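Computed from a prediction, not measured in an experiment: that's the story for all the values here.
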Amino acid sequence: MDLINWTRRGLIATAAASLLTGTFMTTAPAMAQTPEGVLIVGQIAEPKSLDPAAVTAVNDFRILVNLYEGLVKYAPGTLEVAPGLAESWEISEDGTEYTFHLREGVTFHDGTPFNAEAVKFNFDRMLDENHPHHNTGPFPLAFFFSAIEETVVVDDLTVAFKLNGPYAPFLSNLAYPTGLMISPAAVAQYGADVGRHPTGTGPFKFAEWRSNEAVVIEKNPDYWGDPAGTEAVVFRPITDANTRVAEMLAGGIDMMVEVPPTALSQFQGEGFNIVEQAGPHLWFLILNAKEGPFADMRVRQAANYAINKEALVNDVLEGTADVAAGPTPPAFAWAYNDDLSPYPYDPEKAKALLAEAGVESPEITFYVTEGGSGMLDPIPMGTAIQADLNAVGFDVKIETYEWNTFLGEVNPGLEGKADMAEMAWMTNDPDTLPFLALRTEAWPDKGGFNSGYYSNPEVDALLEKARVSTDQEERAALYKEMQAIVQEDAPWVFVANWKQNAVTTDRVGNFSLEPSFLLQLQNVTKE
C-alpha cells in the first residue's frame with residue numbers, strides 16, 4: 001500500500017541522514033526531515049507480540065493501546081477508570097456481578113461487529129481451558145481476571161461478569177492492556193499467529209510489522225470516536241539507548257521514550273520538548289529465595305544494605321527517580337506505607353549480616369538486561385550494583401541478555417540458573433505487583449511471576465483478604481501491613497521509583513505521558 005511504501009522510504013532516508021550527521025557532526029546536528037503526518041517513535045525493544053492477552057511488557061502495551069480498546073480505560077492524566085467500549089456499568093450490592101452496556105455501531109478493523117459475544121469470546125479464550133481458541137495463548141496475565149466465574153451475554157449490547165466473590169481491582173484490571181478486545185474472527189483466522197495480525201477497534205489499525213525494523217499502524221478511517229491526529233505511526237525498535245539518542249538528535253525519529261538520564265541535557269535546547277510524569281513504577285532486584293545464598297533472609301538483607309541506592313538514583317539515573325522503600329510505589333498514595341524507610345547504605349551492616357549467616361564470599365550469578373520496559377539504564381545500574389556487592393564480600397558474575405531473551409530466562413524462575421535478576425514493574429493497582437510476584441501461589445510453576453520463589457503465608461493471607469475487600473480503608477491497612485513484612489523479609493532489593501520521561505521534536509503536538517505508562521497517541525499531531 002502507498003502509506004507503507006511512503007513510511008519505508010521515509011525511514012530509509014532519515015536513517016541515512018542520521019548516519020551522516022552522526023559521522024560528521026561537530027556542532028549541532030543537521031536535522032533530518034521525517035514525513036509530515038507520520039509519527040516515528042523510537043521504542044526500547046522489538047515487541048514480543050501484538051496480541052494483548054499474550055504479552056506482559058509495557059514496551060508492547062505502548063503499541064497495543066493505539067490498536068485496541070477495552071470496556072473501560074484510564075481517564076487522561078489519572079489511574080481512575082472511565083468509559084471505553086462500554087458506555088456505562090452497574091455493580092451488584094454484594095460486589096460479585098458487573099453489568100456493562102456497550103457502545104452501539106463499533107466494528108473491529110476487519111469489519112466484524114464488536115458486541116457482547118465478542119466480549120465473552122475474549123474472556124473465555126483466556127480463562128476457559130476448553131475454549132476452542134485457548135491454545136492460542138499462553139495468557140500470562142489471566143491472573144487479572146481469575147475472579148470471573150462466568151461471562152454472560154445478556155443481549156447484543158449488554159454483557160455481565162459473575163465473580164466468585166467481591167474483587168476490588170476488577171475495574172482497574174479491565175482498564176489494563178490485558179483487557180483490550182481483539183477480533184474473534186481474527187483469532188479464528190490466524191490462531192496462535194494472531195499476535196502478528198493485530199485486529200482491534202482502536203483509532204489506528206495495523207499496517208505491517210517488519211521484524212527488528214518497524215511496526216507500522218495507520219489512521220482508522222472507520223473509527224467510532226474522534227479521528228487520530230496523524231496518518232500513521234511507525235514504532236522503531238532501537239535497543240541501544242545511545243543509538244536512540246543519536247537518532248533523536250539527528251532527526252531520524254520524532255519521539256523517544258525512556259530517555260537515558262545522562263542524555264536528558266542534550267534535549268534541553270530548541271527543537272525538542274522533554275515530557276515527564278510520575279507513575280506507579282518499581283525497579284528492583286529479584287533474589288532467589290529458594291536456593292543458594294539468598295535462601296537466608298540475612299543474606300538478602302545484607303544485599304539491601306550493601307547497595308548505595310542514593311548513588312544509583314543521583315549518579316546513574318541523574319535524579320530521575322527516588323529511592324524505593326518496600327514493594328509498593330508511592331504513586332498509590334492511599335495504600336502506601338509512609339512509615340517505611342528505604343534500607344540505608346550500610347556496608348558494615350551488610351558485612352555483619354553475612355558473617356552472622358556464616359556466608360563467606362558467596363558466589364552470585366546476576367542476570368542483567370540490555371534494555372526493556374521501565375528498566376531505566378540497566379547495564380550501568382547492574383555494574384554499579386555488582387561493585388557495591390563485591391565491596392562487602394559477595395562475588396558477583398553478570399550475565400547480560402537482550403530484553404525478550406532476558407524475560408525468557410527470568411519469568412520461568414531463577415532456580416538452577418541465577419541468584420539475582422534486575423526487574424521493573426509498572427502497575428495499575430496496589431494489588432497487581434505483590435499478587436502476581438510475591439504470593440506463594442504466584443511461583444512460576446503455578447503461572448505467576450514470583451521468579452525468586454518468595455513464600456510467606458502471612459503475606460499470602462493479607463493479599464487474598466485485600467483483593468476481596470470493598471472498603472478502601474481496610475484494603476489500605478492490609479497493604480500497609482504486607483509492605484512492612486515484605487520489607488523485613490527482603491525477597492527483593494528495593495531500588496528505585498522512576499519518574500518516566502520522553503522527548504519529542506517540536507514538530508509533535510498534543511503529546512503527554514500517562515501515569516499508566518501507556519503511550520496514548522490518538523490526539524498527537526505531527527507537522
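Nearest approach of Ala442 to Ala437, heavy atoms of both residues: CB-N, 4.2 Å. Shortest non-hydrogen contact noted between Val275 and Ser512 is CG1-CA, 4.4 Å. Nearest heavy atoms, Ala384 versus Val316: CB-CG2, 4.5 Å. Heavy-atom minimum distance, Val524 versus Thr230: O-CG2, 3.4 Å. Among all heavy-atom pairs drawn from Val508 and Asn273, the shortest one is O-ND2, 4.4 Å. The shortest non-hydrogen separation linking Phe332 to Pro430 is CD2-CD, 3.7 Å.
Residues Val410 and Tyr367 are in side-chain contact: their nearest non-hydrogen atoms beyond the backbone lie under 4.5 Å apart. Within the 4.5 Å cutoff, no side-chain heavy atoms of Glu270 are placed close to those of Asp506. The closest side-chain heavy-atom distance from Leu519 to Phe61 is not below 4.5 Å. Here the side chains of Val38 and Val234 are in contact, with some heavy-atom distance below 4.5 Å. Between Thr504 and Phe272, every side-chain heavy-atom pair lies at or beyond the 4.5 Å cut-off. Two residues are said to be in side-chain contact when any heavy atoms from C-beta on lie closer than 4.5 Å; Val495 and Val323 fail this criterion. Side-chain contact between Asp128 and Phe123 is absent, with no heavy atoms from C-beta onward closer than 4.5 Å. Using a 4.5 Å cut-off on side-chain heavy atoms (C-beta onward), Met248 and Phe267 make contact.
From Thr525, atom OG1 reaches atom CD of Glu36 across 10.5 Å, with rounding to the nearest 0.5 Å. In this structure, CD on Glu310 lies 9.0 Å from CG on Asp322, to the nearest 0.5 angstrom. Taking CG of Leu71 as the reference point, atom NE2 of His101 lies at 12.0 Å (rounded to 0.5 Å). We find the CZ-NE2 distance between Phe206 and His197 to be 7.0 Å, quoted to the nearest 0.5 Å. Summarising the geometry, atom OG belonging to Ser49 is positioned 7.5 Å from atom CG belonging to Leu64; distances are rounded to the nearest 0.5 Å. Between the CG atom in Leu407 and the OG1 atom in Thr56 there is a gap of 5.5 Å [rounded to 0.5 Å].
Legend: ring-ring contact (aromatic ring centres under 6.0 Å, His included) pairs involving residues 214-259, not counting sequence neighbours: none detected. Evaluation of the side-chain hydrogen bond (donor to acceptor under 3.5 Å, both in side chains) test over residues 137-146, restricted to residues two or more places apart or in two chains, returns none. Listed by first then second residue, pairs satisfying salt bridge (charged side-chain N to carboxylate O under 4.0 Å, His left out) with a partner in residues 401-411 read Glu409-Lys417, not counting sequence neighbours. Applying the salt bridge (charged side-chain N to carboxylate O under 4.0 Å, His left out) test to residues at least two apart or on different chains, none of the pairs has a partner in residues 183-207. Listed by first then second residue, pairs satisfying salt bridge (charged side-chain N to carboxylate O under 4.0 Å, His left out) with a partner in residues 55-66 read Arg62-Glu258, not counting sequence neighbours. Identified under the salt bridge (charged side-chain N to carboxylate O under 4.0 Å, His left out) test for residues 517-527, with sequence neighbours left out: Asp254-Lys526.
Between Arg125 and Asp51 there is a salt bridge, since at least one side-chain N of the basic residue sits less than 4.0 Å from a carboxylate O of the acidic one. The pair Lys219-Glu231 meets the salt-bridge criterion, with a side-chain N (NZ, NE, NH1 or NH2) lying under 4.0 Å from an Asp/Glu carboxylate O.
The closest donor-acceptor contact from the side chain of Arg507 to the backbone of Leu39 lies at 3.5 Å or more, if one exists at all. Within the 3.5 Å criterion, the main-chain N or O of Ile238 finds a donor-acceptor partner in the side chain of Arg244. Under the 3.5 Å distance criterion, the side-chain polar atoms of Thr383 are matched with a main-chain donor or acceptor of Ile379. At least one donor-acceptor pair under 3.5 Å links the side chain of Asn308 to the backbone N or O of Ala311. A donor-acceptor contact shorter than 3.5 Å is absent between the side chain of Asn66 and the backbone of Phe204. One N or O on the side chain of Asp240 and one on the backbone of Thr243 form a donor-acceptor pair closer than 3.5 Å. A distance-only check finds no donor-acceptor pair linking the side chain of Asn314 to the backbone of Gly319 [under 3.5 Å]. For the pair Trp283 (side chain) and Met375 (backbone), a donor-acceptor distance under 3.5 Å is present. No donor-acceptor pair under 3.5 Å is formed between the side chain of Asp429 and the backbone N or O of Pro169. Without hydrogens or angle criteria, His281 side chain to Thr427 main chain gives no donor-acceptor distance under 3.5 Å.
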Requested in this report: Please lay out, stage by stage, how Thr239 and Trp403 fare under the test side-chain contact (heavy atoms from CB on, under 4.5 Å).
Outcome: CA-CA 9 Å; Thr239 302; Trp403 176 237; over 6 Å; no
Requested in this report: Using the salt bridge (charged side-chain N to carboxylate O under 4.0 Å, His left out) rule, take Glu87 and Arg103 through it: C-alpha gap first, then chi angles, then the decisive distance, then the call.
Outcome: CA-CA 6 Å; Glu87 292 183 306; Arg103 293 186 186 276; 3.6 Å; yes
Report task. Kindly indicate, with the supporting measurements, whether the criterion side-chain contact (heavy atoms from CB on, under 4.5 Å) is fulfilled by Phe366 and Ile398. Result -> CA-CA 5 Å; Phe366 179 20; Ile398 287 178; 3.7 Å; yes
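With sequence neighbours left out, the side chain to side chain donor-acceptor pair (under 3.5 Å) criterion links Asn173 to Tyr167, Asn428. Thr201 is linked by a side chain to side chain donor-acceptor pair (under 3.5 Å) to Glu69, counting only residues two or more places apart in sequence or in another chain. Thr320 meets the side chain to side chain donor-acceptor pair (under 3.5 Å) test with no other residue; sequence neighbours excluded. For the side chain to side chain donor-acceptor pair (under 3.5 Å) test, no residue two or more places apart in sequence or in another chain qualifies with Lys73.
Between Phe100 and Phe161, the distance separating the two ring centers is shorter than 6.0 angstrom. Proximity of the aromatic rings of Phe449 and Trp425 is defined here by a centroid distance below 6.0 angstrom, and this criterion is met.
The 12-atom threshold is exceeded at CD of Glu399, counting heavy atoms of other residues, nucleotides or ligands nearer than 6.0 Å.
Among the candidates Glu213, Glu247, Glu46, the single residue satisfying the salt bridge (Lys or Arg N to Asp or Glu O under 4.0 Å) test with Arg236 is Glu247.
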Only distances under 3.5 Å count here; give the side-chain donor-acceptor pairs of residues 76-86 to other protein atoms, sequence neighbours excluded, each with its distance to 0.1 Å.
from  : atom 1 : to    : atom 2 : distance (Å)
Thr78 : OG1    : Ala75 : O      : 3.0
Thr78 : OG1    : Glu80 : N      : 3.0

Which donor-acceptor pairs under 3.5 Å do side chains of residues 182-190 form with protein atoms, sequence neighbours excluded?
from   : atom 1 : to     : atom 2 : distance (Å)
Ser183 : OG     : Asp110 : OD2    : 2.6
Ser183 : OG     : Ala185 : N      : 3.2
Ser183 : OG     : Ala186 : N      : 3.2

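Aromatic ring pairs are classed by plane angle as parallel below 30°, tilted from 30° to 60° and perpendicular above 60°; the pair His131 and His133 is tilted.
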